[in-house]
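What follows is a short report on a single structure.
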There are 2 protein chains.
Amino acid sequence: MNIGEIARRAGVSRSTVSYALSGKRSISPETRARIQAVMDELDYQPSATARALSSGQTHTLGLVFPPASSHYTDMQLDFIGSLVEAAAGFGYDVLLAGSVGDGVQGLRRLVAERRVDGAILMEIRLDDARVDYLTDAGFPFVTIGRTGTPDRTRWVDMDYTALVGSCVRHLAQLGHRRIAFVNRSERLFRAGYESAHRSLTGFENACADQGVIGTPHLCGDDAASGEQVVARILAADPETTAVVTVNEAALGGLYRGLAAHGRKVPLDFSVTGIAASRWATAVTPQLTSADVSAAEMGRVAVELLLELLAAPGAAPRHVLLAPPVSLRASAGPAPESGN
Amino acid sequence: MNIGEIARRAGVSRSTVSYALSGKRSISPETRARIQAVMDELDYQPSATARALSSGQTHTLGLVFPPASSHYTDMQLDFIGSLVEAAAGFGYDVLLAGSVGDGVQGLRRLVAERRVDGAILMEIRLDDARVDYLTDAGFPFVTIGRTGTPDRTRWVDMDYTALVGSCVRHLAQLGHRRIAFVNRSERLFRAGYESAHRSLTGFENACADQGVIGTPHLCGDDAASGEQVVARILAADPETTAVVTVNEAALGGLYRGLAAHGRKVPLDFSVTGIAASRWATAVTPQLTSADVSAAEMGRVAVELLLELLAAPGAAPRHVLLAPPVSLRASAGPAPESGN
DNA sequence: TTGAAAGCGATACCAC
DNA sequence: GTGGTATCGCTTTCAA
């Protein structure tokens, strides 16, 4: 079923049907009704492909899907879900590109073959080949997370530096003087994942600022690694009384490890961090944390991108989210020293 | 940059360039080389849209994304990842459709506007409106999971009935006589999710078969619900000594609940189930379970669909996976009765 | 082995 | 307010 058939049955020209569809020029009520009737009867829907070829717009957004080699986290899934939902709200679909290697390959398909109008990147590295590629190609894109030189691009991100700093200050005010930091995995850190690096910076700065002794640790993104890092933390400094974590996948293991080492939370050990509230509230005692809003970031990313598509010359714009630290039950006063 | 420009620069006709691209007719080595040189120089990639309009094939697979209202599970993410990866291997992209209501709406976009060549459905219900819609429309599709009348469609699924049965038998052989079952949430069960229903059937059949007393429970898909279900299990039957679970998101809470009620696993309480190995190995002690291979299911789904696209009349075909139960540390002999 | 030209199904400009 | 038609960038049939 195509537009010509509709035109024929309604006894009008194809252009009239097209205008009836788009509303870009006025049509007499009778004609419009006649066309509508035919469309309804045949359950006609215009071909997205033909429309795209003719108009030059696919009404599709591209998302480079993180490689499977890194196992997925809940946050990533939430991003994708909110992205799809937000895009659907604006009449856009989302096309997934599998990423091979540095991810530029998958992007190239989307961009060079003109499958999408714009792209969204996640899992950003401080130095990111995909960002360079898109910038050079002059292709519209938005990142969830930001590179080391973020001023010329559009992005939405969490203020990891500030949030980790807040956690450290909160613990310092509770009297803690020796604080450990549980970062993401060594692999991600080495690859230059921005959140891992900016979190560490925030931790170090805040510790210096507050005059507390801070020890950072890398930790795999799974419960087993979380359990193991506790041993490393206590070996590095047995006097440690608190930890800040940005590794939600390791959270359960972290708690188990503390229990295994006889540390009761929050009585003689405090835990704070950044995590999706789903994780923060799943553990016992619930985690005092800044709650990641993956859903909000996804929505904002779509808005930033559509804004750019609507006004190709639009100035770079960013949204830096810094959710408040929700005081829950996992942090308390530092135990008396020597205890 | 388009095919005409390439043709002009190479001094050949557009059709020749097209054939050079597709290899559908032989071309003299010189001509081919000349065309290739021009393409390389201009970094030419044919427009996917034009190609789709002309050929009638989008080389895109549609995936109806589960609604955000149900929070996502790791399994879903793994499906999506493996789908994207498998599809990419065959030169196909994956288009996500947000699902509103019963999901037919999102599908309609993909199908009626001919955005995709075929569709993949997940989160299947025994009675599924999306399956009916696609069947009526005569549109190629594959489901991950199967409806109540699965004989006429293509699908890949886990044999929940058999796997839960295996778990029950394993426990029965270890001497357990009172076994509880932790199913998915009431909402999913009521909605008719096939896995929740087939699991329950498997549990009931196996219990009858083995002569053990089985008590099924529904349980929300989160840790807190897992913790709560333990109280319900022990209230319903304090003599319960083992549990079978298909609710991986509740697993952590389940363990915590058992500990809170003074039950040591596997000494005086055994746990078995079906879960992604990531979850099964994350808990302590590690879970004796049949490991879901979301990645394999995703891959198989793509293969089944592409097979259908290649041969539109292809007979219905299914793949029913039944991974072995991996014996880990969470199940042991039933405690002496009266203990 | 190659070229010319007719689609594919829309959009939108130019006429009337 | 409506119709005719060129156009988007390919694929593929028909001819040579």
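Residue numbering restarts at 1 for every chain, and letters A, B, ... go by the order of the sequence lines.
- In this structure, CD1 of Ile27(B) is placed 12 Å from P of dT11(D), rounded to the nearest angstrom.
- Remark: Lys24(A) is in phosphate contact with dA12(C), judged by side-chain N or O atoms under 4.0 Å from OP1 or OP2.
- Remark: Tyr44(A) is not in phosphate contact with dG9(C), judged by side-chain N or O atoms under 4.0 Å from OP1 or OP2.
- Taking every side-chain heavy atom of Asn2(B) into account, dC10(D) is the closest of dG3(D), dC10(D), dA10(C).
- Looking at Glu307(A) and Arg154(A), a side-chain N of the basic residue comes within less than 4.0 Å of a carboxylate O on the acidic one, giving a salt bridge.
- In the set dC10(D), dT13(D), dG9(D), the nucleotide with an atom closest to the side chain of Leu53(B) is dG9(D).
- The phosphate of dT2(C) (OP1 or OP2) has a side-chain N or O of Thr31(B) nearer than 4.0 angstrom.
- Between the P atom of dT2(C) and the CZ atom of Arg8(B) lies a distance of 19 Å, rounded to the nearest Å.
- Taking atom OH of residue Tyr19(B) and atom C1' of nucleotide dT1(C), one finds them 12 Å apart after rounding to whole Å.
- The side chain of Thr16(B) sits closest to dG3(C) out of dA10(C), dC10(D), dG3(C).
- Evaluation of atom-type donor-acceptor distances gives no pair under 3.5 Å for the side chain of Arg51(B) against the base of dT11(D).
- Using a 30° and 60° split on the angle between ring planes, His318(A) and Trp155(A) fall in the parallel class, below 30°.
- For Ser15(A) against dG4(D), a side-chain-to-base donor-acceptor contact under 3.5 Å is present.
- Within a 6.0 Å radius of CG in Asp127(B), no more than 12 heavy atoms belonging to other residues, nucleotides or ligands are found.
- Interatomic distance, Thr60(A) OG1 to Leu95(A) CG, rounded to the nearest 0.5 Å: 6.5 Å.
- Note on Glu30(A) versus Arg34(A): no salt bridge recorded, every NZ/NE/NH1/NH2 to OD/OE distance being 4.0 Å or above.
- In this structure, the CD atom of Glu5(A) is 15 Å from the C1' atom of dA10(C), given to the nearest Å.
- One can place CD of Gln45(A) at 14 Å from C1' of dG9(C), the figure rounded to the nearest angstrom.
- For the pair Met1(A) CE and dC8(C) P, the computed distance is 13 Å after rounding to whole Å.
- Using a 4.0 Å heavy-atom distance criterion, Ser47(A) is classed as a sugar-phosphate-only contact.
- Distances were taken from every side-chain heavy atom of Val12(A) (C-beta onward) to each of dG3(D), dG9(D), dT2(C); the shortest belongs to dG3(D).
- Below the 3.5 angstrom threshold, one finds no donor paired with an acceptor across the side chain of Thr49(B) and the base of dG9(D).
- Residue Arg25(B) has its side chain nearest to dG3(C) when only dC8(C), dG3(C), dT12(D) are considered.
- For Ser13(B), whose side chain is taken as the heavy atoms from C-beta onward, the closest listed nucleotide among dG4(D), dG3(C), dA10(C) is dG3(C).
- As a whole-Å value, the separation of Ile3(B) CD1 from dC8(D) P is 14 Å.
- Here Glu194(B) does not pair with Arg125(B) in a salt bridge; the nearest charged N to carboxylate O distance is not below 4.0 Å.
- Side-chain nitrogen and oxygen atoms of Ser55(B) include none within less than 4.0 Å of the OP1 or OP2 phosphate oxygen of dT12(D).
- In this entry the distance linking CD of Glu30(A) with P of dT2(D) reads 8 Å, nearest Å.
- For dG7(C), the base has no donor-acceptor partner in the side chain of Arg14(B) [N/O atoms by modelled type, under 3.5 angstrom].
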